2 protein chains.
Amino acid sequence: MSKVNIKVLADQLQLSVSTISKALRDSYEISDETKKKVLELATQLNYIPNPYASSLRRKKSKTIAVVLPEVADNFFSLAINGIQSIAESKGYHVLIYLSHEKFANEKNILEDCQSGRVDGVLISISSETNTAEHINKLQNQNIPVVFFDREQEAIKTARVTTNDFDCGLMAANHLLQKGCRRPAFLSISQSLPICQNRMEGYKAALQQAGLREEDMQIVYCTDNDGMYDQVRSLLQAADRPDGLIASVEKIVTPVYLACHELNIRIPNEVKVIAFATLDTAPILNPPLTTITQPAFEIGKAAATVLFKGIEKSAFDLSKERMVIPSLLIERESTK
Amino acid sequence: MSKVNIKVLADQLQLSVSTISKALRDSYEISDETKKKVLELATQLNYIPNPYASSLRRKKSKTIAVVLPEVADNFFSLAINGIQSIAESKGYHVLIYLSHEKFANEKNILEDCQSGRVDGVLISISSETNTAEHINKLQNQNIPVVFFDREQEAIKTARVTTNDFDCGLMAANHLLQKGCRRPAFLSISQSLPICQNRMEGYKAALQQAGLREEDMQIVYCTDNDGMYDQVRSLLQAADRPDGLIASVEKIVTPVYLACHELNIRIPNEVKVIAFATLDTAPILNPPLTTITQPAFEIGKAAATVLFKGIEKSAFDLSKERMVIPSLLIERESTK
DNA sequence: CATTTTTTCGCAACCGTTTTCGTAAATAAA
DNA sequence: TTTATTTACGAAAACGGTTGCGAAAAAATG
């Protein structure tokens with residue numbers, strides 16, 4: 001209701017609008033005396049500057065966009081936490097956009113990001129995304145983009161990921177070491193580097209162990225709803241695997257449910273390891289061995305490097321590539 | 001780099017800036033012919049309007065704020081999903097702010113929201129919040145505020161919650177019916193209505209069953225990190241409860257861990273029921289009986305009513321009070 | 001053909017803040 | 001005292017759209 005802006009302050013203090021503005025920004029051009037008067041009246045009248053007017057003039061929005069496939073996922077919500085913590089400390093605001101794993105959505109979102117609404121973009125691409133143009137367009141507008149976790153390989157910019165290949169290797173080796181002879185790999189996308197790299201690690205481990213390519217089972221659970229059925233039929237097959245690697249968190253519940261349903265005991269009949277940051281992992285039945293990604297740290301690191309790109313446009317993001325290792329936490333599901 | 005704005009379009013088409021603007025907004029004042037030309041050039045040059053310039057003039061930001069205690073919680077992330085789905089359909093953008101359960105943070109956030117940055121606010125208050133002024137200030141600036149889940153009772157505005165009292169009653173009755181004689185209630189706040197209401201339901205149920213006030217055990221787990229220890233010492237006490245009601249999701253893991261650690265079997269020695277939207281509930285050890293809140297629907301409903309308040313300022317939010325019931329899903333933990 | 005109405009567009013103010021530049025007064029240097 | 005410099009402020013033009021109003025041209029009406 002009050003609509004108190006700089007003009008109101010100026011009128012009441014018999015000063016010019018520009019003087020008020022400078023006083024509020026603590027300019028050297030203004031005397032300490034008037035600065036104090038301005039500050040006092042400002043707090044008294046509860047003056048709050050209009051960010052959009054400021055953005056318009058300064059061409060800085062003090063806002064970043066976070067684009068992700070979904071938010072109901074522990075990895076992503078922890079990453080948001082990390083991002084938010086950095087953004088807050090920098091005085092930035094965070095817009096959240098969800099692609100719901102659809103390329104078309106992601107494209108629309110990035111298009112909007114070209115408007116000047118945001119100073120930079122943090123993105124974890126959708127599982128459908130396998131082209132780069134829509135991201136390139138953003139970069140052409142001089143809007144820095146940083147990938148976290150799910151990157152698009154063709155784009156030259158900073159990325160913060162975890163050691164996916166190594167973890168794929170570790171996960172598979174862990175299963176082999178625990179006695180699995182035919183572990184399967186459950187993926188959600190043929191294009192996502194995280195899935196591909198984890199899978200390559202899996203393949204490498206199996207190869208080193210002397211298994212042939214045709215003995216490796218890789219199942220793509222692309223359909224979110226059909227996941228349970230896919231896992232179920234995999235476990236009902238004659239040559240069913242004796243180990244499962246869930247490449248992302250959301251595969252865990254279908255896997256456990258299918259095993260319970262089919263009376264397949266974990267870890268006796270099938271061992272399970274999952275890439276997940278589930279905090280319920282230790283209380284599952286049985287407790288789940290996880291490759292736990294440092295989601296919070298990834299978010300923080302990605303935001304930190306993004307702000308470097310935002311704050312000095314000379315900064316070359318394309319050289320930045322940070323890998324924060326995940327941890328294998330052994331629990332009952334692979335005992 | 002391109003910096004294509006309305007002026008560029010105007011120059012290239014030998015038209016005035018205002019004509020371009022009106023054409024883009026499909027004004028009746030502009031002929032179909034020129035509209036077409038403008039649209040064509042606009043798409044050709046990849047013109048994207050500056051939202052802040054528009055916001056400044058029209059005094060509409062097409063943006064809402066979502067203020068919540070934390071995002072790494074299934075309830076809240078699902079609620080965000082619901083909110084986002086409505087916002088997206090309305091062409092609105094969503095700013096996320098986290099209070100981390102601190103009143104001071106929440107206050108700062110809401111202060112910023114008075115700037116004109118957002119057209120409305122959806123909030124689930126922090127567990128520390130027990131005053132109303134900071135929210136009132138927002139309303140005085142004519143910025144509609146809607147509560148979801150965690151409301152502040154002194155504020156007159158719309159709220160979307162679940163049937164907390166009934167669920168507290170249901171939860172306690174369920175335990176009683178399953179044979180518990182001394183169920184305890186685990187809360188996180190003395191001021192949050194959700195906790196209070198659920199607790200009142202619990203008390204009512206126990207009273208109806210003939211238990212006296214002094215036989216009711218109510219434990220406040222306010223410290224996030226100390227939760228495990230608190231639960232542990234509760235379970236080590238001589239008069240330890242034979243049933244536990246976790247009033248919020250994040251209490252679940254500490255409870256299960258403490259029980260496992262102390263070798264207290266669920267449900268034989270202690271039955272557990274929790275307010276939670278955990279999708280891992282069915283695969284916990286043992287599967288967890290939950291009061292499952294309709295988080296997504298609450299988010300959707302809250303956003304929907306907020307937009308009513310935003311779109312017509314005549315709309316009286318204070319009368320809106322929607323209660324979306326939760327579901328008791330029985331599983332092994334209370335068998 | 002004169003007059004009224006409609007169609008189509010441009011001018012200019014405006015949203016609230018920032019910033020360049022000019023200038024009067026105060027102070028310092030000559 | 002005169003000149004140079006510093007201090008402290010104001011006027012006005014941005015930033016990129018939006019919108020009320022006026023007006024010329026075209027169409028409709030009498």
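Not measured: the values here are computed from a predicted model. Here is the naming used below: chain letters follow the sequence lines, and residue numbers restart at 1 for every chain. No hydrogens, no waters, no symmetry mates; every other heavy atom, side chains included, goes into these values.
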Once you apply a heavy-atom cut-off of 4.0 Å, does B/Ser18 come out as touching a base, just sugar-phosphate, or nothing? base
Taking only the side-chain nitrogens and oxygens of B/Asn50, find out if one of them lies under 4.0 Å from OP1 or OP2 of D/dG16. no
With no angle test and no hydrogens, is the base of D/dT18 tied to the side chain of B/Arg57 by a donor-acceptor pair under 3.5 Å? yes
Side-chain N or O of A/Arg25 less than 4.0 angstrom from OP1 or OP2 on C/dT18? yes
Heavy atoms only, 4.0 Å cut-off, all strands: where does B/Ser54 land among base, sugar-phosphate and nothing? sugar-phosphate
What's the NZ-C1' distance between B/Lys62 and D/dG17, to the nearest Å? 16 Å
Roughly, in whole Å, what's the span from OH in B/Tyr52 to P in D/dC15? 18 Å
NZ of B/Lys62: more than 12 outside heavy atoms within 6.0 angstrom? yes
Mind running side chain to side chain donor-acceptor pair (under 3.5 Å) on A/Thr129 and A/Glu106 for me, showing each step along the way? CA-CA 8 Å; A/Thr129 303; A/Glu106 185 176 295; 3.0 Å; yes
OP1, OP2 of C/dT17 versus side-chain N and O of A/Tyr47: anything below 4.0 Å? yes
For A/Leu15, which contact category applies under a 4.0 Å heavy-atom criterion: base, sugar-phosphate, or nothing? sugar-phosphate
Under 4.0 Å, counting only non-hydrogen atoms across every strand here, what does B/Pro51 touch: a base, just sugar-phosphate, or nothing? nothing
What is the distance, rounded to the nearest whole Å, between atom CG of B/Asn5 and atom C1' of D/dG16? 6 Å
Can you check whether any acceptor in the base of D/dA8 is under 3.5 Å from a donor in the side chain of A/Thr34, or vice versa? no
Whole angstroms only, please: what is the NZ-C1' distance between B/Lys3 and D/dA14? 16 Å
So, under a plain 3.5 Å distance rule, would you say the side chain of B/Ser16 forms a donor-acceptor pair with the base of C/dC11? no
Answer with base, sugar-phosphate or nothing: what part of the nucleic acid does B/Ser21 contact at a heavy-atom distance below 4.0 Å? base
Would you kindly check whether a donor in the side chain of B/Lys22 faces an acceptor in the base of C/dG10, or vice versa, at under 3.5 angstrom? yes
Nearest to the side chain of B/Glu29, heavy atoms from C-beta on, is which of C/dT8, D/dC9, C/dC15? C/dT8
Judged by nearest nucleotide, the residue sitting upstream toward the 5' end of DNA chain C, B/Ile30 or A/Ile48, is B/Ile30
If the threshold is 4.0 Å, N to carboxylate O, is there a salt bridge linking A/Glu311 and A/Lys90? yes
Euclidean distance, A/Phe315 CZ relative to A/Leu317 CG, rounded to 0.5 Å: 6.0 Å
Using a cut-off of strictly less than 4.0 Å, decide whether B/Thr19 has a side-chain nitrogen or oxygen near OP1 or OP2 of C/dC9. no
Interatomic distance, A/Lys7 NZ vs D/dA11 P [rounded to whole Å]: 12 Å
If I take atom OH in residue B/Tyr28 and atom C1' in nucleotide D/dT19, what distance separates them, rounded to the nearest angstrom? 10 Å
Distance check needed: D/dT7 C1' versus A/Glu33 CD, whole Å only. 13 Å
Check B/Leu110, B/Ile64, B/Val66, B/Ile135 against B/Val121 for a side chain to side chain contact (heavy atoms under 4.5 Å, CB included) and give me the one that passes. B/Leu110
Do B/Gln293 and B/Thr162 meet the criterion of a side-chain donor-acceptor pair at a distance under 3.5 Å? no
Provide, to the nearest angstrom, the distance between the NZ atom belonging to A/Lys36 and the C1' atom belonging to D/dC9. 19 Å
Should A/Lys59 be listed as having a side-chain N or O under 4.0 Å from OP1 or OP2 of D/dG16? yes
